[in-house]
2 protein chains.
Amino acid sequence: MDQSCEDVKNMMFMFKNIDRQVTQNFEKCTGISLTRYEILYTLLNSGQLSQIELQKKLKIDQAAITRHLKILEEKNLVYRNRNKQNNREVIVEITNNGMAILENCDSNKTQFFDELFHDFTTKEKQQLQMMLKKLMVNSGKQTG
Amino acid sequence: MDQSCEDVKNMMFMFKNIDRQVTQNFEKCTGISLTRYEILYTLLNSGQLSQIELQKKLKIDQAAITRHLKILEEKNLVYRNRNKQNNREVIVEITNNGMAILENCDSNKTQFFDELFHDFTTKEKQQLQMMLKKLMVNSGKQTG
DNA sequence: ATATTATAATTGACTAGTCAATGATTGATT
DNA sequence: AATCAATCATTGACTAGTCAATTATAATAT
C-alpha cells in the first residue's frame, strides 16, 4: 500500500485512540461523561430544546439521546415534559442541579484540556480546528 | 467558559464525530470494520503475533481482541494456536483467505481515504499527523 | 371527515469498546 | 519440590453508540 494511504490509515487509528483516551480521562477527571456534559452544556446555552433539536446539535442517534436523558432525568439534572403545542415532542431543560454539576466540573475540565494541548501553540490549535472542520464535512458527505 | 476552552471542547466533539463517521463509512465502503481491517493488516506485516502483542500494537482491550479474533477465525481469516513454547499464549496468523480480503478492499479503501482528505495539501496532512501524534502522547499520559 | 403520510420518541437487538474476575500456565522464592 | 506471584486469554457485566420497528401524534390530501 502506498505511503500516503498508509499515513491516512494511521491517522484514523490515532483518531480512534485519542477519542477513546480523552473520553475515558474526561469522565475520570470530571465525574461526568463527555457526551452527557455536552448535553447539559448545550441545554445551558440554548434553554429549552426538543430531543430532536438536541439530536441535531450533538449529531448522535435519537435512541442514544433518549437513553442519556432518561438517566439525566433520574439524577435530577434535567426536566422533561411533553410540548403542549405539539405532543410528539419532549421538551428538555436543565435543572439548577444540572447547572451546579456543570460549574463543579469546570475547573477540572479546564485543567484537563490545558494538559491535553500543553505543547500546542495557539496557531496550531487553530489549524487543527480548521482541519477537523474539513474532515467533519468530508466524512459527513461520504454517505447520506 | 473562556474561548480557548470552548474551542478545545469543540475539537473533542469533532474528534468523536469524525471517528464515528469514518468508522461507519469505512465498513460500508470496504465490507470490513476498520478495527478488523487493522488486525488483519498488522498480521500481514508482522507475521505471527501473540494476542498480547496485537493488543499492544492496536491499543485496545484484550477482551476486545479476543472477541474480534474469534470472529475472524470463524470466517477463516486467521489461524489461532497455542504457543508450544508458552502455553499461555495464543499465536495468531493471517490466512490466505485473510490476505485475499485485504487485497479486495484495497482500492475501495484508497478511494475512501482520498475522498476524506481531498481538500488537504500534503503539508496539511503532515501537520495533522504531527499534531495527532502529540495528542496521542498527551492523552496517554493523563491517566496511567 | 377520513385516510394517508410525516414526525418524534421509544424500545429491542446489535457492535465495539471498557473493567474486573477467573483459569491456566509459567517463573521465581524459599 | 512447593508455594507464591506474574502473565495471557477468556468470560461476564457494563457503557455508548447504531439501525429498524413500533407507537403516538400532527399535518395533509382526498
Side-chain angles (χ1 to χ4, degrees), chain A residues 12-13 15-28 31-39 48-75 78 80-92 139 143-144, chain B residues 12-13 15-28 31-39 48-75 78 80-92 139 143-144:
Chain A
M12 292 308 108
F13 172 73
F15 257 83
K16 216 175 248 318
N17 281 289
I18 293 164
D19 174 48
R20 250 203 312 277
Q21 281 286 356
V22 166
T23 301
Q24 252 176 278
N25 296 348
F26 184 91
E27 181 153 9
K28 270 185 204 156
I32 184 171
S33 90
L34 190 46
T35 298
R36 291 212 264 269
Y37 178 91
E38 202 60 37
I39 291 176
Q48 298 185 333
L49 289 177
S50 67
Q51 295 191 186
I52 200 90
E53 286 169 321
L54 213 39
Q55 187 273 323
K56 277 171 193 153
K57 279 178 194 279
L58 296 188
K59 298 191 202 306
I60 57 179
D61 199 272
Q62 279 213 40
I65 297 278
T66 295
R67 284 161 192 146
H68 279 304
L69 288 175
K70 221 169 182 176
I71 290 167
L72 290 172
E73 190 182 34
E74 278 165 17
K75 290 185 183 172
V78 302
R80 295 163 80 212
N81 292 297
R82 287 274 160 191
N83 183 355
K84 299 292 174 197
Q85 271 68 53
N86 181 348
N87 257 292
R88 287 172 299 186
E89 287 183 349
V90 171
I91 299 293
V92 190
S139 68
T143 315
Chain B
M12 292 308 108
F13 171 73
F15 256 83
K16 217 176 248 315
N17 281 289
I18 293 164
D19 175 47
R20 251 203 312 277
Q21 280 286 358
V22 166
T23 301
Q24 252 175 278
N25 296 349
F26 183 90
E27 182 154 6
K28 269 184 206 155
I32 183 171
S33 90
L34 189 47
T35 298
R36 292 213 264 270
Y37 179 91
E38 201 59 37
I39 291 177
Q48 299 185 331
L49 288 177
S50 69
Q51 294 192 187
I52 200 87
E53 286 169 322
L54 214 39
Q55 186 274 322
K56 277 171 194 153
K57 279 178 194 282
L58 297 188
K59 298 193 202 305
I60 56 177
D61 199 272
Q62 279 212 38
I65 297 279
T66 295
R67 283 161 193 147
H68 279 303
L69 289 176
K70 223 169 178 173
I71 290 165
L72 290 172
E73 190 182 32
E74 279 164 16
K75 291 184 183 171
V78 302
R80 294 162 81 212
N81 292 296
R82 288 275 161 188
N83 182 356
K84 298 293 175 197
Q85 272 69 54
N86 182 348
N87 257 290
R88 286 171 302 188
E89 287 184 349
V90 171
I91 298 293
V92 190
S139 68
T143 315

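Predicted model only: the values in this text are computed from it and were never measured. Computed over heavy atoms, backbone and side chain alike; hydrogens, waters and symmetry mates excluded. Lettering of chains follows the sequences in order, A, B, ..., and the numbering in each one begins at 1.
At distances below 3.5 Å, not a single donor-acceptor pair connects side-chain atoms of A:Arg80 with backbone N or O atoms of A:Val92. Side-chain N or O atoms of B:Gln55 include none that pairs as donor or acceptor with a backbone N or O of B:Ile65 at under 3.5 Å. At least one donor-acceptor pair closer than 3.5 Å links the side chain of B:Asn25 to the backbone N or O of A:Ser139. Without hydrogens or angle criteria, B:Arg82 side chain to B:Asn87 main chain gives a donor-acceptor distance under 3.5 Å.
Taking 4.5 Å as the limit, some side-chain heavy atom of A:Phe26 sits within range of a side-chain heavy atom of A:Ile32. Side chains of B:Asp19 and A:Ile18 form no contact here, defined as non-hydrogen atoms less than 4.5 Å apart. Contact annotation: the side chain of A:Gln51 approaches that of A:Thr66 to within less than 4.5 Å [non-hydrogen atoms, C-beta and beyond].
Taking atom CD1 of residue B:Ile65 and atom C1' of nucleotide D:dC8, one finds them 13 Å apart after rounding to whole Å. Across the protein-nucleic acid pair, A:Arg80 atom CZ and C:dA9 atom P stand 9 Å apart, rounded to whole Å. What separates CD of A:Gln55 from C1' of C:dT10 is a distance of 14 Å, to the nearest Å. The CG-P distance, from A:Leu69 to D:dT15, rounds to 16 Å in whole Å. For A:Arg82 and D:dT25, the CZ to P distance is 8 Å, given to the nearest whole Å.
A donor and an acceptor atom, one from each side chain of A:Glu53 and A:Ser50, are located under 3.5 Å apart.
A:Leu69 approaches A:Val78 most closely through the heavy-atom pair O-CG2, 4.0 Å.
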Atom pairs under 3.5 Å, N or O on each side, protein against nucleotides 21-29 of chain C: can you list them with distances?
| unit_1 | atom_1 | unit_2 | atom_2 | d |
| --- | --- | --- | --- | --- |
| C:dT26 | OP1 | B:Asn87 | N | 3.0 |

For nucleotides 16-20 of chain C, list the nitrogen or oxygen atoms of the protein found under 3.5 Å from its nitrogen or oxygen atoms, one pair per line.
| unit_1 | atom_1 | unit_2 | atom_2 | d |
| --- | --- | --- | --- | --- |
| C:dA16 | OP2 | B:Arg36 | NH1 | 3.1 |
| C:dG17 | OP1 | B:Thr35 | OG1 | 2.3 |
| C:dG17 | OP2 | B:His68 | NE2 | 2.5 |
| C:dT18 | OP2 | B:Asp61 | N | 2.3 |
| C:dT18 | O3' | A:Gln24 | NE2 | 3.4 |
| C:dT18 | O4 | B:Arg67 | NH1 | 2.8 |
| C:dC19 | OP1 | A:Gln24 | NE2 | 3.0 |

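Regarding contacts with the backbone of D:dA9, every side-chain N or O of B:Thr66 stays at 4.0 angstrom or more from both OP1 and OP2. Residue A:Gln51 places at least one side-chain N or O closer than 4.0 Å to OP1 or OP2 of C:dT10. Distances shown here put every side-chain N or O of A:Lys70 at or beyond 4.0 Å from the OP1 or OP2 atom of C:dA9.
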